[in-house]
Protein chains: 2
Amino acid sequence: MTSSTLSTTRSAEVNLGNALEDRGLRRTTARTAVTDRIEGLSDAFTAEQLCRDLPGVGRATVYRTIRHLVDAGALCKLPILDGAPMYSIARIEHHHHTVCSRCGAVGEFRHSTVERVMRSLANEIDGDIIGHRMEIFITCNSCLAELAAGNSTING
Amino acid sequence: MTSSTLSTTRSAEVNLGNALEDRGLRRTTARTAVTDRIEGLSDAFTAEQLCRDLPGVGRATVYRTIRHLVDAGALCKLPILDGAPMYSIARIEHHHHTVCSRCGAVGEFRHSTVERVMRSLANEIDGDIIGHRMEIFITCNSCLAELAAGNSTING
DNA sequence: TCGATATTGATACCAAGTATCAGTAAGTGA
DNA sequence: TCACTTACTGATACTTGGTATCAATATCGA
Ligand SMILES: [Mn+2]
Ligand SMILES: [Mn+2]
Ligand SMILES: [Zn+2]
Ligand SMILES: [Zn+2]
């Protein structure tokens with residue numbers, strides 16, 4: 001993989017508790033439970049998943065905390081066409097997502113060419129461009145491996 | 001606007017009734033009411049909007065018909081981050097959407113460069129790329145005009 | 001026209017998320 | 001450290017968006 005234009009570098013540290021504090025919000029036990037749990041997850045998650053994982057925290061509080069974190073830019077909210085949106089820690093400033101259509105794993109990427117294309121589209125799109133979103137749907141490597149394993153079993 | 005790479009050409013005719021028939025579905029009065037209404041709309045719409053516009057057609061039927069049309073590829077389903085998905089007639093084969101952040105107007109566009117970038121990303125993304133989605137958020141021309149009018153009134 | 005079959009839509013249901021609000025916990029300043 | 005103000009919590013009820021059921025009805029090929 002050439003890394004001249006593709007970037008998946010994760011910025012030094014992410015502290016969701018600090019992200020909330022920076023917005024003038026109190027550091028409560030419920031919020032700490034939520035942010036700790038999110039930081040402990042390696043993958044993207046849904047709000048309901050978090051609620052199940054944290055039965056000691058009220059549903060309203062889980063949803064409110066997620067909303068704060070999205071507002072703070074610390075979480076990405078990724079719309080899923082048929083289902084609840086997924087959230088993941090924003091590790092790269094401006095970026096796009098890969099979504100595995102088989103297992104739902106979400107990745108982040110940045111590619112300068114995408115941003116260059118956006119600039120070049122400015123003259124050709126009616127109206128003022130104020131932003132964009134892009135998702136790439138993939139079959140992730142671990143799913144490819146599983147599929148290969150499954151096939152080889154079937155095919156002998 | 002140069003049109004060498006940007007395409008907003010609409011394919012000859014769109015007949016949603018035929019799209020359903022082509023799938024072996026019966027041409028019923030309820031379905032005809034839904035498809036006629038959609039064809040009469042100039043803009044993207046939500047399912048609930050359609051239900052309100054067609055009080056004579058059951059909600060379940062409206063939703064079912066929309067689903068059929070999406071499955072047939074005759075309607076685009078556009079996820080909206082905070083709210084119900086919007087639907088619009090698919091006039092271009094593979095394409096992307098512009099969404100006005102002020103009024104919600106949805107447009108379609110195709111740009112060869114976007115597709116070229118996708119191909120070039122193939123080597124740099126982990127896993128197999130099976131598709132992509134891209135939305136450009138804009139302030140549309142009519143909103144720009146309204147904003148300009150509003151400002152000039154305020155500023156004398 | 002008839003009859004097998006697809007469709008309809010009222011109803012009940014489910015999932016995701018938000019408004020309320022009385023009770024509780026954080027922080028702040030004395 | 002305590003008291004006090006204010007933010008926060010979470011149970012509950014509600015809303016929105018959408019689906020499963022199923023008896024009654026419409027469609028369409030024979
Ligand atoms: Mn992200
Ligand atoms: Mn479209
Ligand atoms: Zn996967
Ligand atoms: Zn607009």
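In what follows, chains are A, B, ... by sequence order, proteins preceding strands, each numbered from 1. Only this structure's heavy atoms are used, side chains among them; waters, hydrogens and symmetry mates stay out.
- For the 3.5 Å distance criterion, the side chains of N18(A) and R23(A) fail to qualify, holding no donor opposite an acceptor.
- Look at T61(A) and you'll find a side-chain N or O under 4.0 angstrom from OP1 or OP2 of dG10(D).
- Grouping the Ile, Leu, Val, Met, Phe, Trp and Tyr side chains by contacts below 4.5 angstrom, directly or via other members, places V117(A) with F109(B).
- Between the CG atom of D82(A) and the C1' atom of dT19(D) there is a distance of 12 Å, given to the nearest Å.
- Aromatic pair H132(B)/H94(B): centroids less than 6.0 angstrom apart.
- Comparing A84(B) and T29(B), the nucleotide of DNA chain D nearest to each residue sits closer to the 5' end for A84(B).
- Residue R64(A) is classed as a base contact, given a heavy-atom separation below 4.0 Å to a base.
- Rounded to an integer number of Å, the gap from R23(B) CZ to dT7(C) C1' is 16 Å.
- Put simply, the side chain of R59(B) and the base of dG9(C) share no donor and acceptor less than 3.5 Å apart.
- The distance from atom CG of L78(A) to atom P of dA16(C) is 16 Å, rounded to the nearest whole Å.
- At whole-Å resolution of the value, CG in L50(A) and C1' in dA16(C) are 14 Å apart.
- Atom CD in E48(B) sits roughly 11 Å away from atom P in dT19(D) (whole-Å rounding).
- OP1 or OP2 of dT8(C) lies within a sub-4.0 Å distance of a side-chain N or O belonging to R31(B).
- Among the nucleotides dC8(D), dG17(C), dG10(D), the one closest to any side-chain atom of L25(A) is dC8(D).
- Here dT8(C) presents its C1' atom at 14 Å from CZ of R67(B), a figure rounded to the nearest Å.
- Minimum atom distance to the side chain of A60(B) is reached by dA10(C), of the listed dG17(D), dA10(C), dG17(C).
- Rounding to whole angstrom units, CD of residue E21(A) and C1' of dA26(C) are separated by 12 Å.
- The residue G56(A) sits close only to the backbone: its heavy atoms come under 4.0 Å of sugar-phosphate atoms, none of a base.
- Of the charged side-chain nitrogens involved, at least one lies within less than 4.0 Å of a carboxylate oxygen, so that E48(A) and R59(A) count as a salt-bridged pair.
- Between E146(A) and R102(A), at least one side-chain nitrogen of the basic residue sits less than 4.0 Å from a carboxylate oxygen of the acidic one, meeting the salt-bridge criterion.
- In this model, the phosphate group of dT8(C) is approached by a side-chain N or O of T28(B) to a distance below 4.0 Å at OP1 or OP2.
- Here P55(A) lies out of heavy-atom contact (under 4.0 Å) with every strand.
- For R26(B) and dT5(C), a side-chain-to-base donor-acceptor distance below 3.5 Å is present, hydrogens and geometry of angles not being considered.
- Rounded to an integer number of Å, the gap from CZ of R27(A) to P of dT28(C) is 13 Å.
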